[in-house]
Structures are given as structure tokens and as C-alpha cells.
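Data block below; observations after.
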Amino acid sequence: MFDIQEIRSQFSILDREVNGKPLVYLDNAATSQKPNSVLEVCHAYYTELNANVHRGIHTLSQLATEEMELSRRKIQKFINAEHDFEVIFTKGTTEGLNLISYILTQKLKKDDEIIISYLEHHSNIVPWQLLCERTGAKLRVIPIDENGILQLDYFDEFLSEKTKVVSVNQVSNALGIVNPIEEIIAKTRKNTDAYVVIDGAQSAPHFNIDVQKMDCDFFVFSGHKMYAPMGTGILYGKREILEALPPFHGGGEMIATCSFDGTTYAGLPFKYEAGTPNVGGNIALGAAVDFMNGVGRENIQNHENALLEYAQRHLLEIEGLKVYGEKAKRVGVVSFNLEGVGISSDVGMILDKMGIAVRTGHHCTQPIMEFFNIAGTVRASFAVYNTFEEIDLLVEGVKKAQRMLS
């Protein structure tokens with residue numbers, strides 16, 4: 001049974017008030033709240049297990065290592081990776097994308113091409129621009145239409161023997177649009193030998209991920225958007241690719257042997273995990289996976305889809321309200337503006353006075369905003385603990401903001 005009140009009872013922060021009003025937290029695309037089970041795991045690590053991993057023979061080090069490696073195996077199953085050592089712990093999606101773009105430097109040369117899309121977060125734009133600067137490669141960008149839908153006819157035209165990387169998000173953080181990555185990957189495989197990178201920051205929290213079925217070369221996501229602590233994330237990479245590419249950071253843990261005459265590197269996953277990891281956070285990421293599996297990922301998806309449909313339907317009853325990407329397949333996000341209200345942050349501040357947390361601005365997707373000729377949007381984004389009653393409060397708050405600002 002899907003019991004929303006039982007689920008909400010697991011999130012202590014939802015009991016607090018903001019500006020004298022019950023908290024309505026609708027900023028989940030930025031970061032989700034954490035269930036008590038995850039917080040308890042973090043606390044238990046620092047009060048019962050605190051030790052560095054992989055390096056000590058003493059009991060605490062051994063226990064901490066076992067817990068972190070158990071978490072890695074949980075995540076392996078969560079994304080259906082073939083091997084647990086294909087799961088690399090990172091600080092989040094941004095670090096994962098920067099890592100990939102850096103280690104691919106030797107694989108690109110002048111006039112090679114990298115394909116991304118108009119729907120990307122800055123984290124999936126800037127690292128590739130930096131790679132172009134290092135190598136002389138060129139960036140190609142799949143355009144969108146007035147509904148925010150990728151125009152794959154252009155993608156077909158872009159694909160060639162020059163294409164070395166295709167990197168797209170599975171879900172747009174700004175608009176919630178679900179991109180046809182299966183089609184994008186199939187076209188890439190048919191026409192090129194390019195590396196395929198999928199940004200899963202906004203998909204991992206919302207629906208099942210199967211990297212083997214997807215047949216991507218790399219998949220990255222953040223823990224903090226899926227009920228885990230900040231500073232956690234995962235880079236998945238196919239074994240044969242990760243083994244063939246160079247390390248990212250140098251230091252402890254990632255070496256097999258080190259001398260002044262030269263260094264050899266450790267095997268996977270440690271080759272890409274230099275330095276002391278976020279042990280407590282990584283263990284808690286496994287606890288977040290347990291939480292999502294306990295609720296049921298299909299239940300999460302169905303509930304959030306119902307919230308999105310309900311929110312869009314009732315928001316669009318407000319005269320002068322525009323939803324961006326309204327006609328596209330979406331998940332978890334409704335991004336909108338009010339006609340005659342020039343600054344989205346004004347709406348956000350009024351909602352905050354009512355205890356309603358939304359995100360305003362360009363959402364680290366300035367090209368999208370430029371395409372729609374706007375400075376930003378109001379973005380409400382949903383998680384498993386949100387309710388239809390909270391959406392009713394959002395709608396009333398938007399109506400109040402409209403009255404005050406028009």
C-alpha cells in the first residue's frame with residue numbers, strides 16, 4: 001500500500017513551519033529532503049564507525065569499508081550495472097561530468113565534434129566547452145522547438161565520423177522534459193563510435209534506471225536529489241572504457257605502486273577514487289536506495305506523475321499563466337511564469353511568505369531561458385512526500401502573487 005502520511009512521517013523536516021506556516025517543500029529538483037533512516041545512518045557512521053576505508057586492519061576501518069562497499073553494491077543493483085566496480089563514488093553529477101570530460105581529452109583532436117542539447121544544465125555544457133578549448137574540438141547543439149522538445153532531425157544531420165561524444169540529460173532540470181535517450185543512443189551506435197554520456201541527475205530520483213539496457217557508456221547522478229546527503233554522487237562507466245582511460249585525480253588510494261621513477265594505478269573502482277571519500281555520505285546513499293526500494297520506484301513514479309498532472313491542470317486554470325514544455329512528456333517539474341509579472345523571484349518571495357518553497361531564476365540553464373526570451377521561471381518540483389493539498393496551497397499562493405504583482 002502507498003501510504004502518503006506514513007511516508008511523510010519519515011521526514012522530520014516536514015513538521016517545521018516557515019514564516020508561521022507549515023512548510024510546503026516544492027524545490028526537490030534542487031535537492032530533496034532526507035528521510036530519518038538516511039539521517040540515522042549518517043549519525044551512526046560518525047558515532048559508531050568513523051574511520052578511513054580500505055586502509056586499515058583495525059576493526060572500525062574494516063567495518064566502515066564493509067558498509068561503504070555494501071552501499072556500492074546496492075547502487076549497482078539500483079542502476080543495473082554489470083559489475084560493482086563500474087560504480088564510482090563522486091561528489092555529485094557535476095564532478096562526474098567534469099571527470100568524464102577530462103579523461104576523454106586524449107581521445108579528441110582538432111575538428112572532432114561533441115554533441116549536446118539545448119536542454120542541458122550548465123554542468124553538461126561547460127565541461128565540454130573546456131574540452132573543446134583543450135583539444136580544438138567543436139560543440140554541436142541539438143535545438144528545441146517551442147514546446148522544449150529536442151529536434152532530432154538536426155541530431156541526425158550532426159552525426160558523422162567526426163562525432164566523438166554525445167552527452168545529453170535524461171530529464172531536463174528546468175522543464176522536467178523527458179528526453180528520448182533510447183533513440184539518441186540507438187542513432188549514435190548506428191552511425192558512430194562516439195562515447196555516450198547520460199546526465200541522470202533528474203531521472204534517478206523518479207524512475208527505474210537500467211544502464212545495461214540503455215547501453216550508455218557513462219551515466220552520472222547526484223545523491224542529494226534522491227534522498228541522500230549532499231556531496232554524494234555516482235559515475236557509472238563501462239568496465240572496458242574505464243580501464244582504458246587515464247585517472248582524473250592523483251593521490252592516495254588510486255595507486256597500485258608509487259615511486260619517484262613512476263606510478264602504476266589501482267584497478268577499478270579505486271583508480272577514480274583518489275583521496276579520502278565521503279564515507280558516511282556514501283553509506284547513506286545506499287540507505288537512500290533502500291528507502292526508494294522500500295516505497296517502490298513504480299509507486300514513486302506513479303505518485304509524482306499524478307502530482308504533476310494535477311498541478312499543471314490547476315495552474316493552467318489561472319488566467320495569464322504559461323507552463324513551459326506544457327505539451328512535452330515530463331516528470332517531476334512544472335515551470336511557469338505569470339503574464340505581466342516580469343521577475344520570477346517576486347513570485348517566489350511571496351510564496352515563501354506563505355511557507356511554500358519553490359525555485360526561481362534560470363535554474364543553471366541560461367540557453368533555455370534565452371530560447372524562450374525570458375530571464376527565468378518559477379519552478380515547482382515534486383518528490384514522493386508531496387501531496388495534492390500542498391499543490392492546492394501552491395495554486396492559491398500563485399493567485400495571491402498574481403493579485404499583488406499585476
Report all side-chain donor-acceptor pairs from residues 243-254 shorter than 3.5 Å, counting only partners two or more places apart or in another chain.
residue: Glu243; atom: OE2; partner: Arg239; partner atom: NE; Å: 3.2
residue: Glu253; atom: OE1; partner: Arg55; partner atom: NE; Å: 3.1
residue: Glu253; atom: OE2; partner: His54; partner atom: ND1; Å: 3.0

Take His303 and His206 through the test ring pair (Phe, Tyr, Trp, His ring centres under 6.0 Å) and record every step on the way to the result.
CA-CA 10 Å; His303 178 63; His206 299 297; over 10 Å; no
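- The CG atom of Asn98 lies 7.0 Å from the CG atom of Leu130; values are rounded to the nearest 0.5 Å.
- Crowding of Glu339 atom CD: a count of heavy atoms from other residues, nucleotides or ligands under 6.0 Å not exceeding 12.
- In this structure a side-chain-to-backbone donor-acceptor pair under 3.5 Å is present from Asp210 to Gln212.
- In this structure, the side chain of Lys329 does not engage the main chain of Ile149 through any donor-acceptor pair within 3.5 Å.
- A donor-acceptor pair under 3.5 Å links the side-chain atoms of Lys34 to the main chain of Ser32, judged by distance alone.
- When only modelled atom types and interatomic distance are considered, His121 and Ser123 share a side-chain donor-acceptor pair under 3.5 Å.
- Residue Glu298 qualifies as open at atom CD: its count of foreign heavy atoms under 6.0 Å is 12 or below.
- When only modelled atom types and interatomic distance are considered, His83 and Gln76 share no side-chain donor-acceptor pair under 3.5 Å.
- The CZ atom of Arg297 lies 8.0 Å from the CD1 atom of Ile209; values are rounded to the nearest 0.5 Å.
- Side-chain atoms of Asn179 come within 3.5 Å of backbone atoms of Asn169 as a donor-acceptor pair (strictly under, hydrogens ignored).
- For Lys74 and Phe78, the positive end is not near the middle of the six-membered ring at less than 6.0 Å and at most 45° from its axis.
- Using a 4.5 Å heavy-atom threshold, the side chains of Ile234 and Thr90 count as separate.
- Ring orientation note: the planes of Phe291 and Tyr227 are nearly perpendicular, at an angle over 60° on the 30°/60° scale.
- Ring pair Phe388/Tyr310 is perpendicular by interplanar angle, where above 60° counts as perpendicular and below 30° as parallel.
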